[in-house]
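In what follows, chains are A, B, ... by sequence order, proteins preceding strands, each numbered from 1.
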Amino acid sequence: MIPVDLLFFFVVAFSFAAFVEILHFIPLAKGITDPEIYEKMFGVALVFLASFLFFETAFMVEYFLHDTVLSKLLLLVAMSLVLVETALVLRKNTTELQITRATKEILEQSEKRYKNLIETMNDGFWMIDENRVTTQINERTSEMLGYSEAEMLGKDVLGFVDPRHHKTVKDHLEKRRRGMSTTYEIEFIQKDGSRLAALVSATPILDDEKNFKGSFAVVTDITKRVELEGKIREYSMDLEEMIEERTKELTHAKTSLVNMLDDLSESKKDLAGAYDGLKDMDRLKTYIISNISHELRTPITIAKSAIELIREEPKSDEREKFLVMCEKALIRLNDLVENLVEISSIYKGSYVASQRTIDIDSMIRDAIKEIKFIAAERDIKVVFTPNTTFSNVLADPKAVFRAVSNILDNAVKFNHRGGRIEIITKTAGDYLEIAFHDTGLGIHEKYRIKVFEPFYQIDPSTTRRFGGTGIGLALVKAHIEGQNGSVWVKDNKGEGTIFNVKLPLAKEKDL
Amino acid sequence: MAFSGDFVFHSLLRFAIVLSFTLTLVLLSYVAIKKEDLKTEESRKALKNNMRLFWAALFLLFTPLVLFLVFETIALAGLLSKGDNSAYESFRSLLVTGAFLILNIGLASSIYLSYKMGGTES
């Protein structure tokens, strides 16, 4: 049998312990509205109610059955139940509560820091829900726009945006609905109606299922920056205008320079031409000094000798012979001087041609008469074959005569003794062609153009042998081309040369 | 104490004990049966709205336990002193009656609170 006093002792001891445990319930009960604690409290409640049943049963046993020992045993069970079960549950829950509280504290501190951060940041903070309604702003946002927090909370964000930027905001909101963070520049309308340029960096707020729940944005006032950019743009435009102006000036200067260079190039060409002319003149001068002086001296010497002989010769026949010699020498000298004067005047451009209609046939016959004696001395036969019924040309008679004479003179001079000279005329379109065939030395193909250059000698020894200054053919070319005609030379079937002269035929109105 | 008075007192004591046992069973059954309904968010909010009643019920439920501890300690002391405990026994019965009456009020309050939490009201 269990002693009653011992049972009493245990009942009191367990009751006291249970009371102490129950005290732990107080802090737990304070957090009962917390969802997690609330759910766990059901176990505690059931244990308490079960212990109450034992408690009440114990008293029923005592007061109905008057069994003190069973009553105390039931009380002991009731207290043990309260003590053991509640102790386990309460301690566990108390620890969880402490953790929950600590977590809550951390969360509260974190929230406090977050709020502090938002409130103290230099930029505006703006949070909206999925319907664009403003849910949170910081003080800086209120300052920037001039509205109070109460005036902004619960309002559509577009109500504060310049209508011109509504589309931009909507587009970016659509992107945020797709989970994208965006940054863009817009203008807000401040409470006083003025505009505020701002850079908005917005981030979407998504729940655990990635559903769009709104977004928050950091709003930076860039009004000053925009103003500066405007000024920079203005400066840039001014600068561009200046550059454009300078570019135009430079282009103009470049054009002037190019024109100047063109002028210089022209001047250079002129100078080169002048230099060539000077070179020719210098060559002419040198030639005259070295060669013409010799050519001039020869007839003078002959004439001087002939005059001395005339003075000494008593017989009139012999004197006559020397006089003829003297006359020839003077004629030669005269021809030479005439040629020099003519070519000089042509080169200077002072030669004046007087064109008129001339009968070329009679002119050729006159020229043949002049060389007839010289040709006869060397047994050279001169034949003229006019092959045309109309032989009138429009030209300067003096020039054409000089040309024809010079060609015939050369044909005789460079012909073989007993040779032949044939002159043939024919019409070719509007021109009259005169061909001078000779049976002389001939001219190699490579010299056929050069022979018309002034003072050109194919072989200097030939000059010594046949005489001549190299002016004759140059004069021919100058005179013929001066009459709008042309002159060229070709081979006479390996037996000499053919000089061709082409002159324009006179029109009926010229007659 | 007169017989008739003693009888009434003991009848009251026994009634209080039986009533508390019954109320405890009712409350236990109600909580066990409506456990899921009581765990809902609405029930939690209902509790949040009736915290005064909650604290009152808790106080009324715990007070009898404290009283019980007190008179059990006194009974133990008397037992250990080996003296005459008849006077104390009468006083103890009075204390037990009072404790069970308080407990009954606490249980009734708890049933009402549970009804408010899990019932039609919130």
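You'll find the ring centres of B/Phe62 and B/Phe59 outside the 6.0 Å limit. Residues A/Tyr147 and A/Phe160 bring their aromatic ring centres within 6.0 Å. Taking the ring centroids of A/Phe55 and B/Phe100, they lie under the 6.0 Å cut-off.
Residue contact with chain A, scored on non-hydrogen atoms closer than 4.5 Å, involves the side chain of B/Leu58 exclusively. With a threshold of 4.5 angstrom between heavy atoms, A/Phe16 approaches chain B through its backbone and through its side chain. Contacts between B/Thr22 and chain A at a heavy-atom distance below 4.5 Å are absent for every atom of the residue. Contacts of B/Leu65 with chain A are made by side-chain atoms alone, with heavy-atom separations under 4.5 Å and no backbone atom involved. The contact between B/Leu13 and chain A is made entirely by side chain atoms (from C-beta outward), counting heavy-atom distances below 4.5 Å.
Heavy-atom contacts from other residues, nucleotides or ligands closer than 6.0 Å to CD of A/Glu151 number more than 12.
Heavy-atom pairs under 4.5 Å with chain A were tallied for B/Lys35, B/Arg14, B/Glu41, B/Arg44; the largest tally goes to B/Arg44. Of the listed residues (B/Leu107, B/Val18, B/Leu25, B/Leu103), the greatest number of heavy-atom pairs within a distance under 4.5 Å of chain A belongs to B/Leu103.
Looking at A/Glu56 and B/Thr24, their side chains do bring a donor and an acceptor atom within 3.5 Å of each other. Between the side chains of B/Ser43 and B/Thr40, at least one donor N or O lies within less than 3.5 Å of an accepting N or O.
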